[in-house]
*Asks:* 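Before anything else, here's the structure in question.
So that the names make sense, note that chain A is the first sequence line, chain B the second, and so on, each numbered from 1. Since this is a predicted model, take the numbers as computed values, not measurements. Basis for what follows: all heavy atoms, side chains included, without hydrogens, waters or symmetry-related copies.
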Amino acid sequence: MTSPTLSFSELALAPSLTQAVAEMGYETMTPIQAQAIPVVLTGQDVMGAAQTGTGKTAAFSLPLLQRLMRHENSSASPARHPVRALVLLPTRELADQVAQQIAQYAKHTKLRSTVVFGGMDMKPQTAELKKGVEVLVATPGRLLDHIEAKNAVLHQVEYVVLDEADRMLDIGFLPDLQRILSYLPKERTTLLFSATFSPEIKRLASSYLQNPVTIEVARANATASTVEQRFYAAHDDDKRRTICHVLQERGIRQAFIFSNSKLGCARLSRALERDGYRAAALHGDKSQDERLKALEAFKQGEVDLLVCTDVAARGLDIKDVPAVFNYDVPFNAEDYVHRIGRTGRAGASGLAVTLVAPSDSRLVADIEKLIKTRITVETLAMPSARARQRSDAGGESPRSERPSGHQEARNGASHFASSRPVRGARPVRAAPADPFFDRPYEASASEAPPTWESKPAPGSTLRQIKAKRKVPALFKPAGSV
DNA sequence: AAAAAAC
């Protein structure tokens, strides 16, 4: 498992490519790059698994461009620029991001590239396609539109890349994907990359590959060791408060917050804005314009909390995001790995906090199994709902829970103070006494755990609920992953 | 249980 080369300059890449890489500030290769680039240069099919945030895009696009350059041509004629490489991604934002990276890598070559995805006007995309591109980056639906409109001709495609391959092969995408593949020559190179591969998807994937080389840098489904993972017990009513508490405690300004639903995402974003945070929502019911704006505002540091669905779970590469919160435990364990991969990128440290409601035990157990790491759900020491109630009655503003000093913008000025007038104290809804969360949950391994229902019935006791147990013990008083 | 991807 030694890497033959570690520096880009030692690779057999064209000067135009190494120059672009150098200009982007990269010198040494990551492990996935060191292993994948030489293989992709041979033109073999590849199934690649690597942790998120380790440079997968460069790992396939640099050697791909190198291969394409063998018959590079400078003709202006579209006919001389047939689509030769197709890169497919599961979300529009990701397509946009990967396309921008590829354009950067290719900027000193004669190769042309463009991107097509839904939610945007067809016409400019059509115009670009008609000019002729060697590299086409796309999401499936819009690509099919262009194929059927004869804007994109794919019968000369030599390379197909499925990024986030396990998602592209899942049931929601598979029909579109199969249709797209039916337009491509059988004789071609296929590259699959993802941070996660379930056994079923791995089997399915291999049916699309010919004698593939498997590259597995870290174990598939592994989470980055630089990310501190925490699981905190929280009822739905307490989740927002818990997030605010952790943000303050840790002095964290920016974070992704994942919700399992578009509605929940919209609501949470609005609630956080009411709390005084600079939050924005990113989900599939927003217009593409709003989606791109929200993402850009977050990148620029104009928005601190990006509240999103799993549309943002995969691949998005934003520097220096210190934390990810799972407001909801993801339905698929794989999505957990992708979500928390938004932080701790490129060797940086990160914090991932997952809020675990009583009914989430099964999902947490799935994650534990997938990442092969023991998970302990902690009860976070926070001022209890009752204490909060008392202090509110005493006239203290609920906004005192908001983060304060660390909210200075990176640039220095406090955009918080300037952009938002401080509002008066608002009444906080009194939380009912809660048998689980007003004291630490105590369970021992020998003791049967409760079936965690979303809300204990009024007057129910821990003992009564325990009697209805179904799932294995997960909840322990303290500790970490 | 949901989300994503085309109009």
*Asks:* Between P on dA4(B) and NZ on Lys286(A), what's the gap in Å once rounded to a whole number?
*Replies:* 12 Å

*Asks:* Report the distance from atom OH of Tyr327(A) to atom P of dA2(B), rounded to the nearest whole Å.
*Replies:* 16 Å

*Asks:* If we ignore angles and hydrogens, is there a donor and acceptor under 3.5 Å between the side chains of Glu368(A) and Tyr336(A)?
*Replies:* no

*Asks:* Atom OH of Tyr336(A) and atom P of dA2(B): how far apart are they, to the nearest Å?
*Replies:* 23 Å

*Asks:* Do any side-chain nitrogens or oxygens of Arg92(A) fall under 4.0 Å of OP1 or OP2 in dA6(B)?
*Replies:* yes

*Asks:* Nearest whole angstrom, please: distance from the C1' of dA3(B) to the CG of Asn332(A).
*Replies:*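 Asn332(A) atom CG is separated from dA3(B) atom C1' by 9 Å.
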
*Asks:* Within the 4.0 Å heavy-atom criterion, would you say Arg291(A) contacts the bases, only the backbone, or no part of the nucleic acid?
*Replies:* sugar-phosphate

*Asks:* Please report, to 0.1 Å, the donor-acceptor pairs under 3.5 Å made by any side chain of residues 196-205 of chain A, with sequence neighbours excluded.
*Replies:*
unit_1: Thr196(A); atom_1: OG1; unit_2: Asp166(A); atom_2: OD2; d: 2.5
unit_1: Thr196(A); atom_1: OG1; unit_2: His338(A); atom_2: NE2; d: 2.6
unit_1: Ser198(A); atom_1: OG; unit_2: Ile201(A); atom_2: N; d: 3.3

*Asks:* What's the separation between atom OH in Tyr277(A) and atom CZ in Arg253(A), rounded to the nearest 0.5 Å?
*Replies:*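 Rounded to the nearest 0.5 Å, the OH-CZ separation comes to 13.0 Å.
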
*Asks:* Does the pair Asp238(A)/Arg241(A) count as a salt bridge with the N-to-O cut at 4.0 Å?
*Replies:*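 Yes.
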
*Asks:* Taking CG from Leu143(A) and P from dA6(B), how many angstroms apart are they, rounded to a whole number?
*Replies:* 9 Å

*Asks:* Taking OP1 and OP2 of dA4(B), is either one under 4.0 Å from a side-chain nitrogen or oxygen of Thr309(A)?
*Replies:*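 It does, given that an N or O in the side chain of Thr309(A) lies less than 4.0 Å from OP1 or OP2 of dA4(B).
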
*Asks:* Do the side-chain N or O atoms of Ser261(A) get closer than 4.0 angstrom to the phosphate oxygens (OP1, OP2) of dA1(B)?
*Replies:* no

*Asks:* Looking only at side-chain atoms of Phe331(A), point me to the closest of dA1(B), dA6(B), dA4(B).
*Replies:* dA1(B)

*Asks:* Could you check how far CG of Asn326(A) sits from C1' of dA3(B), rounded to whole Å?
*Replies:*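 For the pair Asn326(A) CG and dA3(B) C1', the rounded distance is 15 Å.
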
*Asks:* Over all strands shown, is Asp145(A) touching base, sugar-phosphate only, or nothing at heavy-atom distances under 4.0 angstrom?
*Replies:*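 Base, at least one base heavy atom under 4.0 Å.
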
*Asks:* Could you tell me how far apart Asp96(A) (CG) and dA4(B) (P) are, to the nearest whole angstrom?
*Replies:* 17 Å

*Asks:* How long is the gap from CG on Leu64(A) to OH on Tyr159(A), to the nearest 0.5 Å?
*Replies:* 7.0 Å

*Asks:* Hey, does Leu363(A) reach any base, or is it just sugar-phosphate, or nothing, if we go heavy atoms under 4.0 Å?
*Replies:*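 Leu363(A): base contact, heavy atoms under 4.0 Å.
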
*Asks:* Whole Å only: how far is the CG atom of Leu144(A) from the P atom of dA6(B)?
*Replies:*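 Distance, rounded to whole Å: 9 Å.
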
*Asks:* Tell me if the side-chain of Asp328(A) makes a donor-acceptor pair with the base of dA2(B), cut-off 3.5 Å, by modelled atom types.
*Replies:* no

*Asks:* So Gly172(A), base contact, sugar-phosphate only, or nothing? Heavy-atom distance under 4.0 Å.
*Replies:* base

